[in-house]
Amino acid sequence: MQEYVGNDGDTVKLLRECDAGAKMGIDSINDVVNEVSDSQFQQLLTDCRNEHERLSAEVSELLDLHRDEGKMPNPMARGMSWIKTNAKMMADPTDATIADLMTDGCNMGVKSLSRYLNQYKSADEKSKDIAEQLVNLEFQLTNDIRQYL
């Protein structure tokens, strides 16, 4: 593995947010994917999770080059997401509920990663590209699962 020489604060900060966002996406999909009854919907979630995992691995490699450990999702946000998911699923365990939960989560991911892209303008192009891929991935999932709402 090539070692990174230098210190680009915006790049590391953006990569940390991508790291946390990808992990949050993976965790959120894992929370519901086995509850989905429609096989096509389940496949959409599985494919999206796999892509999040691929991007997460790429982010980890780049963070290693920067000698940074990355960032876990905010424990409070993760806990609140888990509570909301479980409460809604207990009340109405349907694919429509899962689509609603996933749409809300993706919208939050798109919003926060877009904000970080704007905030960390001097991040390197590779890091910005990964952030944009995550934004596009989550935006696409919301479009793909609208039929289940």
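Only a predicted model underlies this, so the values are computations on that prediction, with no experimental measurement involved. When a residue number appears, it is its place in the shown sequence, counting from 1.
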Q. Which atoms form the tightest heavy-atom contact between Ala131 and Leu113, and what is the distance?
A. O-CD1, 4.5 Å
Q: Please name the pair of heavy atoms, one in Glu58 and one in Ile130, separated by the smallest distance, quoted to 0.1 Å.
A: OE2-CD1, 3.7 Å
Q.
I need the Glu61 CD to His66 NE2 distance, nearest 0.5 Å.
A. 12.0 Å
Q. Roughly how far, to the nearest 0.5 Å, is the NZ atom of Lys128 from the OH atom of Tyr120?
A. 14.0 Å
Q. Does the side chain of Lys84 come within less than 4.5 Å of Asp104's, by heavy atoms?
A. yes
Q: Could you go through the salt bridge (charged side-chain N to carboxylate O under 4.0 Å, His left out) check for Lys121 and Asp10 one step at a time?
A: CA-CA 7 Å; Lys121 289 185 185 299; Asp10 276 6; over 6 Å; no
Q. Side chain of Asp95, backbone of Ser37: donor and acceptor closer than 3.5 Å?
A. yes
Q: Verify whether one side chain among Asp31 and Thr85 offers a donor that lies under 3.5 Å from an acceptor in the other.
A: no
**Q.** Flag, side chain of Ser60 to backbone of Ser56, donor-acceptor distance under 3.5 Å
**A.** yes
**Q.** Gln119 atom CD, neighbour heavy-atom count above 12 within 6.0 Å
**A.** yes
**Q.** Tyr148 reachable from Leu101 in the ILVMFWY side-chain graph, under 4.5 Å edges
**A.** yes
Q | Closest non-hydrogen atom pair, Ala99 against Ile145 | A | O-CD1, 3.7 Å
Q | Hydrophobic cluster identity match, Met102 and Met108, side-chain contacts under 4.5 Å | A | no
Q. What's the shortest heavy-atom distance between Met24 and Pro73, and which atoms?
A. N-CG, 3.7 Å
Q. So, the side chain of Asp19 versus the backbone of Lys71: is there a donor-acceptor pair under 3.5 Å, distance only?
A. yes
Q: Just jot down the side-chain contact (heavy atoms from CB on, under 4.5 Å) partners of Asn30, sequence neighbours excluded, or say none.
A: Ile26, Arg49
Q) Of all residues at least two apart in sequence or in a different chain, which pass the side-chain hydrogen bond (donor to acceptor under 3.5 Å, both in side chains) check with Lys111? A) none
Q: Flag the pair Leu134 / His52 as yes when at least one side-chain heavy-atom distance between them is below 4.5 Å, and no otherwise.
A: yes
Q. When rounded to the nearest 0.5 angstrom, what is the spacing between CE in Met72 and CZ in Arg78?
A. 9.5 Å
**Q.** Where Val36 and Gln42 come nearest, the two heavy atoms and their spacing
**A.** CG1-N, 3.6 Å
Q. Does any N or O in the side chain of Thr97 come within less than 3.5 Å of the main-chain N or O of Met89, such that one atom is a donor and the other an acceptor?
A. no
Q) Mind checking whether Ile98 and Thr94 have side chains closer than 4.5 Å, heavy atoms only? A) no
Q. Would a distance-only check, ignoring hydrogens and angles, find a side-chain to backbone donor-acceptor pair under 3.5 Å from Thr142 to Phe139?
A. yes
**Q.** Within one Ile-Leu-Val-Met-Phe-Trp-Tyr cluster: Leu141 and Leu137, side-chain cutoff 4.5 Å
**A.** no
Q. Do the non-hydrogen side-chain atoms of Cys18 and Ser127 ever get within less than 4.5 Å of each other?
A. no
Q: May I ask you to decide if Ala96's main-chain N or O and Asp100's side chain share a donor-acceptor pair within less than 3.5 Å?
A: no
Q) Between Asn136 and Glu132, does any side-chain donor sit less than 3.5 Å from a side-chain acceptor? A) no
**Q.** Which atom of Leu14 lies closest to which atom of Ala123, heavy atoms considered
**A.** CD2-CB, 3.8 Å
Q | Pair Gln140-Asp144, side-chain donor/acceptor within less than 3.5 Å | A | yes
Q: Please identify each residue that fulfils side-chain hydrogen bond (donor to acceptor under 3.5 Å, both in side chains) with Gln133, with sequence neighbours left out.
A: Arg54, Asp129
